[in-house]
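Note sheet for the following structure.
The first residue in the sequence is number 1, and the count goes up from there. Everything quoted here is computed from the prediction, not taken from an experiment. Just so you know, these numbers use all the heavy atoms, side chains as well, and skip hydrogens, waters and symmetry mates. All ligand and atom numbering here is 1-based and tracks the order in the structure.
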Amino acid sequence: MAVHHRFDDITIDDLRAQGSMKWTRMPDHLAAFVAEMDFGIAPVIAQALHQAVDTPTLGYTPPAIKDEMSAATNEFLHSRFSWSIPPERIYPTADVLSAYDFVLERFARPGTPVILPTPAYMPFFTITPMRGRDVIEVPMIHGENDRADMDLEGIARAFEQGANVLILCNPHNPLGRVYTREELVALSEVVEAHGGMVFSDEIHAPLTFPGHTHLPYASLSEVTAGHTVTATSASKAWNIPGLKCAQLVVTNDEHQAAMKDLAFVVSHGAATPGLIANTTAYRDGLPWLEDVLGYIDTNRTLLGELLAEHLPEVTYRAPEGTYIAWLDATGLPDIAGDRSWATFFSEEAKVGLTDGAACGKAGIGHLRMMLAAPSHVLEKIVLAMAQAVDRHR
Ligand SMILES: Cc1ncc(COP(=O)(O)O)c(C=O)c1O
C-alpha cells in the first residue's frame, strides 16, 4: 500500500477554493488540462514573497536582485546539470514564451519558418505565425522501447526548405521525453550542418525521474553553445508561473554582444517578486522539489495501473520528465461521433484534458493530462473517463 503523503489530504474543494486557473476555468470539471501543480508552493518561497511585500520590494528590479537571480541560476545549473554558465549570460525575462518571441524577432533569420517536432506545446503554433513565420511540423517517430524519437531526416529536410530555427523542448511537453546525450549530439550535427539555430526550451529541466538525466543542450559542446539560445525558469518545477520570471541563457558570443542593447527589451517584463522567488527556488527550494518529484513519480506509475485496470484501450508511456502524461486514445471504440476525445471526456465525464490535436497533427487521437495532482484526483479522473466510455459502448 502507498505511504500516506500530505498531498493526499488536499481535497477538490480545497483546490477550487484556492481559485487557480486550473480549478476555476471549468468549475464543474476535474481539471487536468493546464501545467499547474495542485501542491501549492514551497514555504521558503512564500516566506521570501511575504518579505518582499513587507519591505516592500515591489518596484522595478534593483540591480542587486537581478544579479542574485543570475548567480542563483548559475549555481543551480552547475550543481544540478554540471553546466557552468557565467552569470552575466543569464538574463531575467518574463516567461519562456516571451523569450521565444524575443529570439525569433532578434536572432532568427527574418521571415524563415520554424521547425517544430510534434506533438508540441500548443502556443508555439500560435506565436510563430503571429511573427510572420510558418511552422514546419516534423512528427516524432517510433524509436526503441516504444520511445518517441526526433525524426532527424525530417528535420534536415525542413532546414533544406529554408527553416532557420528548431524548437527543442527538453524535457519534452507533452511526451515527457528526456533526451539522451546521443540523441542531442545527433540533433546538433543536423542543426550545425544546415547552419541552423536552436531555441532550447528547458522549462521542465528540474523535473526528471530516476534513471533520466537532463542535459542542457547548449552545455554539450562549443558547437551547441554557439547555435543555441536557452530559456528556463523555476516556474514549472516550483509552481510559480504567475510570478512572471524566467531566464534567457545566451551562449553565442554575437548574441551576447547584441544583448548590450537588447537586455532591457527582454528583461523589462520580468517581475521583481518573480526574480526573488526564482532565486529562492534555485537556492533553497530543493527539498520541496524532491518531495514533489517523489509524489509525481508515484503518480506516473499509478496512472498506468489505473488505465490498465479501468480503461485499457487508452495507453500511455510514463514520462521520463515533466508532470505531463500523453494518452493514446486511438484504441478506444468509435463512440465520440465527430467530437475529439477531449470534447467527449469534457462533455461526458466532466474531465478537463487538452486535445492532442492542439499539439499538432501528430497529436490527433491523443490527450494531454497533468500528473501533479493528489492521487485520489487521478483516480477520480480515470474512473469518470472509464464510466463515460462504458455508458457509450
Ligand atoms: C514546454 C513549455 N514551454 C513554455 C511554457 C510556458 O512557459 P511560460 O509561462 O514561462 O511562458 C510551458 C508551460 O507549461 C511549457 O510547458
Side-chain angles (χ1 to χ4, degrees), residues 20-22 25 31-39 41 69 73 90-105 114 116-128 130-131 135 140 148 150 165-179 198-208 214 216-217 228-249 266-271 273-275 277-278 281-282 292 296 319-326 352-354 356 358-360 363 368-373:
S20 66
M21 193 261 252
K22 185 179 177 194
R25 202 164 86 184
F33 64 95
V34 66
E36 290 185 345
M37 295 188 188
D38 294 341
F39 309 140
I41 63 168
M69 190 221 64
T73 308
I90 301 172
Y91 297 87
T93 187
D95 46 50
V96 168
L97 289 179
S98 54
Y100 171 61
D101 196 38
F102 172 83
V103 169
L104 279 190
E105 282 293 276
V114 170
L116 188 54
T118 55
Y121 177 56
M122 305 79 71
F124 290 127
F125 292 96
T126 34
I127 293 180
T128 312
M130 277 167 56
R131 291 302 181 194
V135 171
M140 307 282 284
M150 280 182 279
V165 176
L166 168 97
I167 299 175
L168 173 68
C169 182
N170 185 32
H172 189 270
N173 172 0
L175 293 172
R177 283 296 325 279
V178 176
Y179 294 115
V198 168
F199 176 73
S200 193
D201 174 348
E202 304 188 12
I203 195 169
H204 294 279
L207 295 161
T208 56
H214 173 71
Y217 178 76
T228 304
V229 186
T230 305
T232 190
S233 176
S235 62
K236 290 292 128 184
W238 283 273
N239 202 26
I240 49 174
L243 285 171
K244 289 294 155 197
C245 175
Q247 294 83 38
L248 186 81
V249 183
V266 78
S267 294
H268 189 65
L275 271 83
N278 272 246
Y282 287 147
V292 162
I296 301 170
E320 300 163 350
T322 80
Y323 53 81
I324 295 165
W326 182 245
L353 302 162
T354 310
C359 302
R368 200 185 73 132
M369 169 180 175
M370 297 307 141
L371 290 169

Is a donor from one side chain sitting under 3.5 angstrom from an acceptor on the other, for Ser98 and Asp101?
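On atom types as modelled, these side chains do not qualify, holding no pair under 3.5 Å.
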Can a side-chain donor-acceptor contact be found between Tyr282 and Gln247 if the only test is distance below 3.5 angstrom?
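Yes, a side-chain donor-acceptor pair sits under 3.5 Å.
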Taking N or O atoms only and a 3.5 Å limit, does Asp201 qualify as a polar contact for ligand 1?
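Right, the criterion is met.
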Going by distance only, is there an N or O of Ala35 that falls short of 3.5 Å from an N or O of ligand 1?
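Not met; the criterion fails.
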Check ligand 1 against His204 and write out every atom of the ligand that is under 4.0 Å from a heavy-atom position of the residue.
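Here the atoms of ligand 1 in question are 1 (C), 15 (C), 16 (O).
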Got the closest protein heavy atom to [atom], with its distance?
atom	value
atom 10 (O) of ligand 1	Val96 N, 2.8 Å
atom 9 (O) of ligand 1	Asp95 CB, 4.0 Å
atom 14 (O) of ligand 1	Lys236 NZ, 2.9 Å
atom 5 (C) of ligand 1	Tyr121 CE2, 3.3 Å
atom 11 (O) of ligand 1	Leu97 N, 3.0 Å

Taking only non-hydrogen atoms of His172, do any sit less than 4.0 angstrom from ligand 1?
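Contact check His172 vs ligand 1: negative.
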Check if Cys169 has a non-hydrogen atom at a distance under 4.0 Å from any atom of ligand 1.
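Within the 4.0 Å threshold, so yes.
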Any side-chain heavy atom of [X] within less than 4.5 Å of one from [Y]?
X	Y	value
Cys169	Ile203	no
Val292	Met37	yes
Tyr121	Val96	no
Pro206	Trp238	yes

Relative to each other, are the rings of His172 and Tyr179 parallel, tilted or perpendicular (30° and 60° limits)?
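Because their plane-to-plane angle is over 60°, the rings of His172 and Tyr179 count as perpendicular.
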For ligand 1, indicate whether the residue Asn173 contacts it via side chain, backbone, both or neither (heavy-atom separation under 4.0 Å).
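For Asn173, the contact with ligand 1 is made by the side chain alone.
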Location of contacts on Ile203 toward ligand 1, heavy atoms closer than 4.0 Å
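For Ile203, only side-chain atoms sit under 4.0 Å from ligand 1.
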Knowing that exactly one of Thr93, Val114, Asp95, Leu248 qualifies, which makes a side chain to side chain contact (heavy atoms under 4.5 Å, CB included) with Tyr100?
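With Tyr100 as partner, Thr93, Val114, Asp95, Leu248 yield a single side chain to side chain contact (heavy atoms under 4.5 Å, CB included), made by Val114.
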